[in-house]
Amino acid sequence: MSGCPYFQAKFVSSSIQHLTEDENNDSQTGVNKASKGGLIYGDYLQLDKIVTSQVLQSELKGNKIHDEHLFIVTHQAYELWFKQVLWELDSVREIFISGHVRDERNMLKVNTRINRIVMIFRLLLDQFAVLETMTAIDFFDFREYLSPASGFQSLQFRLLENKIGVPHNQRVPYNRRHYRDNFRGEESELLIRSEQELTLLQLVEQWLERTPGLEEDGFNFFGKLQTNIFKGLDGEKEKIEQNPETKEEMMAEFIKHRDVFLSLFDEKRHDHLLSTGQRRLSYKALQGALMIYFYREEPRFQVPFQLLTSLMDIDTLMTKWRYNHVCMVHRMLGSKAGTGGSSGYQYLRSTVSDRYKVFVDLFNLATFLVPREWVPKLNPTEHSFLYTAECCDSSYCSSDDSD
Amino acid sequence: MSGCPFLGRKHQLFSINSSQPEEDDSQKGINKASKGGIVYGEYLQLDKVLSAQVLQSQQKGDKIHDEHLFIITHQAYELWFKQILWELDSVRELFTKNHVRDERNMLKVVSRIHRITMIFKLLVEQFAVLETMTSLDFFDFRQYLSVASGFQSFQFRLLESKIGVANHLRVAYNRQHYRDNFHGQESETLLRSEQEPNLLQLVEEWLERTPGLERDGFNFWGKLQANIEEGLKLEKQKLEGMSDSEEKGDMLEDLKKQTEVFTALFDPSRHEHLLNKGERRLSYEALQGALMINFYREEPRFQVPFQLLTALMEIDTLMSKWRYNHVCMVHRMIGSKAGTGGSSGYCYLRSTVSDRYKVFVDLFNLAAFLVPRAWVPKLNPQIHNFHYMAECYDSSYNSYSSEDSD
């Protein structure tokens, strides 16, 4: 063969005429306003700040590594979205703290914003796939220039955790000892304040405790439920005793089943689990949540039910976020230590745990689901509180405020 | 009923004991934060990035909550546009510097083009977040946006230009006005991006060099034409030998259409005509190269080039989906009102969801020319070894060592 088969063909440019106008005229009408003054896109978004903040450490040190740019942009995108989540979270907390949530017209806003947080977390989860196009080999080429920068120093991430309700004393020890050490001055103060101010969990707890129908001198949901469940269980027991062949096996199952419900009505047990951190909501709040679950189709509880679902979605997505992060770090570092000083992969793995699940009680409600017939019946004439909220105490604030 | 059933209750704080200690390994470590060197926030210049959110509604004394989401979403898009440009320029440079002639660089090229598609996937998914804003909420602050419009997104235009969106193919309003939005440095950069080789042109030159096209060598095109003509002739004979039926008539009709398609394929002047109309974008020679890579994609030398062609089509598809998602959302937000930039808004955007903006349209159209495997010219490993590993290194090539990170 004579030489290499690759030839170079010069680019042939043909003269190309303008295309005929075959579009619908309407779509092509308009007056370009760019020259008419006023804030333009780049200024509105302060892109001069955003688009000039990518400085590669590898380049500064004279060894520019291509993939470092992706690393920087990915983290900056995460931080932009963390800011957005905090914006929504704080606005929701404010609606509760200011008492505005007592005007049930604000529930739509609360729900919409919590759902928005869920949507953002879904995106943040998808974002890992982009960074995963970087290989461990490419990361190794610039990792040395990063030290000691580490995600451990992400203020917004910690604020987010705190404001949702991750409790300080539930953090895994390395995190507990050191997580605030990373921050000084104003940042440290902000962080401390976020631990002390009312978290989303605490505000939702207070709200749940106020669920209509819990009053013992009113509808008395829990009392009625207990009665119905025990009656139902008695009925089941009788049926089992009637059938001698399967009796032994089914009795064992029954006892387990019964014990689960016994535990539900054992307030002392709940308090014990609260003290070990396995439960987070107060006993009364738990009852409120169960009430909303069982009567979710009642108009007044429909949006509250959606809210409880979205709160669980947040926990689920944060856990998935932590796990995706772990998997990626494992791929990048194997078992090396993290730049922030932790054991890296091992440490992160330990944070994928129910300790960090804020609304764990809502998940556990599924343990206590009962057949529909056991749920205390509502009488529409007597129990009108379940329909649209009619009362508007004059002490409530009006919701004209956009926030 | 006495008053409202909602009761207030003081929050009771529980004292919680510390839980069991974890396994030691995961909890080991020394916090390095105090040891000097760049920290996270400085590394990422978060002081700049996180202070760039200024609500116009708030400036004008009527703070609207949802404007923050609007700002963040667009800023996130622009960050990712920057990343795409970073990858795109590095790939274009591999071609313009001829480093791509060292086939070891193909892995880098494909990885980066693939990365661009992954970013575009994310950008398409990102719409769902902004869609949590209702048109009512948007209406509350839209007036404060004044003339700011996506029309003025410099990076978006650069992106289009560098991939290969052709100016003369832009829809009329776009064609007339898209550069009006930029002045000085930005306008010059935009102009330059139209003049410098774009990804389409670079890929075209690369395709024209596909081994196997040489008339005095393997002569893929000549062989293919002969095989197809032979194959079609045999098919026709078979059909004509069948007993008459309605089915036979239909099949003969289909064969006739198929024959027309292939006749057109082998007609260079027809290709020129379609190029002029803008319905094709690649040169005739490049088209042949693409078809060659497609048919012989399993040959080791063509495997990664085939992945590249697939990724290029993926970019077009995703940009198309991006445009369409954008259209749907805008429709929901402003109905048929005009855009802040002055265009007809929804109608204008709708018109850009079109094959005019499909850069690698020819690659998609190759599917029309697929033939049964038996018709593909056979490769004889003894004679035709060019399609195995690239062994030759012409000294006129840049011996490009791929140690350079870029």
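Order of the sequence lines fixes the chain letters, A, B, ..., with proteins taken first and strands second; residue numbering starts at 1 for each chain. As the structure is a computational prediction, the values presented were derived from the model and not from experiment.
Ranked by heavy-atom pairs under 4.5 Å with chain A, the list B:Ser57, B:Ser153, B:Ala76, B:Gly217 is led by B:Ser153. Options B:Thr132, B:Asp47, B:Val129, B:Val49 differ in how many heavy-atom pairs under 4.5 Å they form with chain A, and the most are formed by B:Thr132. Here A:Thr74 is the residue among A:Asp43, A:Asp48, A:Thr74, A:Thr112 with the most heavy-atom pairs under 4.5 Å with chain B. When each of A:Val55, A:Leu214, A:Val73, A:Leu47 is checked for heavy-atom pairs under 4.5 Å with chain B, A:Val73 comes out on top. The candidate from B:Glu186, B:Glu42, B:Gln45 with the greatest count of non-hydrogen atom pairs under 4.5 Å with chain A is B:Gln45. With chain A as the partner, the residue from B:Leu69, B:Thr117, B:Ile119, B:Ile71 showing the most heavy-atom pairs under 4.5 Å is B:Leu69.
The heavy-atom pair separating A:Gln156 from B:Leu50 by the smallest distance is NE2-CD1, 3.5 Å. In terms of heavy-atom proximity, A:Gln76 sits nearest to B:Leu44 at NE2-O, 2.9 Å. Between A:Ser91 and B:His65 the shortest heavy-atom distance is OG-CE1, 3.2 Å. For the residue pair A:Met119 and B:Ala128, the shortest heavy atom distance occurs at CE-CB, 3.5 Å. Scanning all heavy atoms of the two residues, the minimum distance from A:Val51 to B:Lys82 falls at O-NZ, 2.9 Å.
For the pair A:Lys49 (side chain) and B:Ser51 (backbone), a donor-acceptor distance under 3.5 Å is present. Looking only at distances, a side-chain donor or acceptor of B:Gln152 sits under 3.5 Å from a matching main-chain atom of A:Tyr41. B:Gln75 places a side-chain N or O within donor-acceptor distance of the main-chain N or O of A:Leu45, the cut-off being under 3.5 Å.
Going from atom NE2 of A:His69 over to atom CD of B:Gln83 covers 5.5 Å, rounded to the nearest 0.5 Å. In this structure, CG on B:Leu122 lies 11.5 Å from CG on A:Leu131, to the nearest 0.5 angstrom. Interatomic distance, B:Gln126 CD to A:Asp126 CG, rounded to the nearest 0.5 Å: 10.5 Å. Within the model, atoms CG of B:Leu79 and CD1 of A:Ile72 stand 11.0 Å from one another, a figure rounded to the nearest 0.5 Å.
Annotation: salt bridge (charged side-chain N to carboxylate O under 4.0 Å, His left out) contacts of A:Glu88 (sequence neighbours excluded): A:Arg116. Judged as a salt bridge (charged side-chain N to carboxylate O under 4.0 Å, His left out), and not counting sequence neighbours, B:Glu78 has no contacts.
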Q: Might you work through the side-chain hydrogen bond (donor to acceptor under 3.5 Å, both in side chains) test for B:Glu87 and A:His66, ending with a clear yes or no?
A: CA-CA 9 Å; B:Glu87 303 295 340; A:His66 177 87; 2.7 Å; yes
**Q.** A:Gln54/B:Trp86 under side-chain contact (heavy atoms from CB on, under 4.5 Å): CA gap, chis, key distance, verdict
**A.** CA-CA 11 Å; A:Gln54 295 75 32; B:Trp86 180 261; over 6 Å; no
Q: Kindly indicate, with the supporting measurements, whether the criterion side-chain contact (heavy atoms from CB on, under 4.5 Å) is fulfilled by B:Tyr144 and A:Leu39.
A: CA-CA 9 Å; B:Tyr144 303 117; A:Leu39 203 64; over 6 Å; no
Q: Applying side-chain contact (heavy atoms from CB on, under 4.5 Å), run through A:His75 and B:Tyr40 and close with a yes or a no.
A: CA-CA 10 Å; A:His75 284 85; B:Tyr40 183 84; 4.1 Å; yes
Q: Let me see the working for A:Trp81 and B:Thr73 under side-chain contact (heavy atoms from CB on, under 4.5 Å), right down to the final yes or no.
A: CA-CA 8 Å; A:Trp81 288 115; B:Thr73 303; 3.5 Å; yes
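Of the two parts of A:Tyr345, neither the backbone nor the side chain holds a non-hydrogen atom closer than 4.5 Å to a non-hydrogen atom of chain B. Both the backbone and the side chain of B:Leu145 come within less than 4.5 Å of a heavy atom of chain A. The parts of A:Leu146 that come within reach of chain B are both its backbone and its side chain, each placing non-hydrogen atoms under 4.5 angstrom from that chain. At a 4.5 Å heavy-atom cutoff, A:Ser58 makes no contact with chain B through either its backbone or its side chain.
The shortest side-chain heavy-atom distance between A:Thr133 and B:Arg112 does not fall under the 4.5 Å cut-off.
A salt bridge links B:Arg115 to A:Asp67: at least one charged side-chain nitrogen sits closer than 4.0 Å to a carboxylate oxygen.
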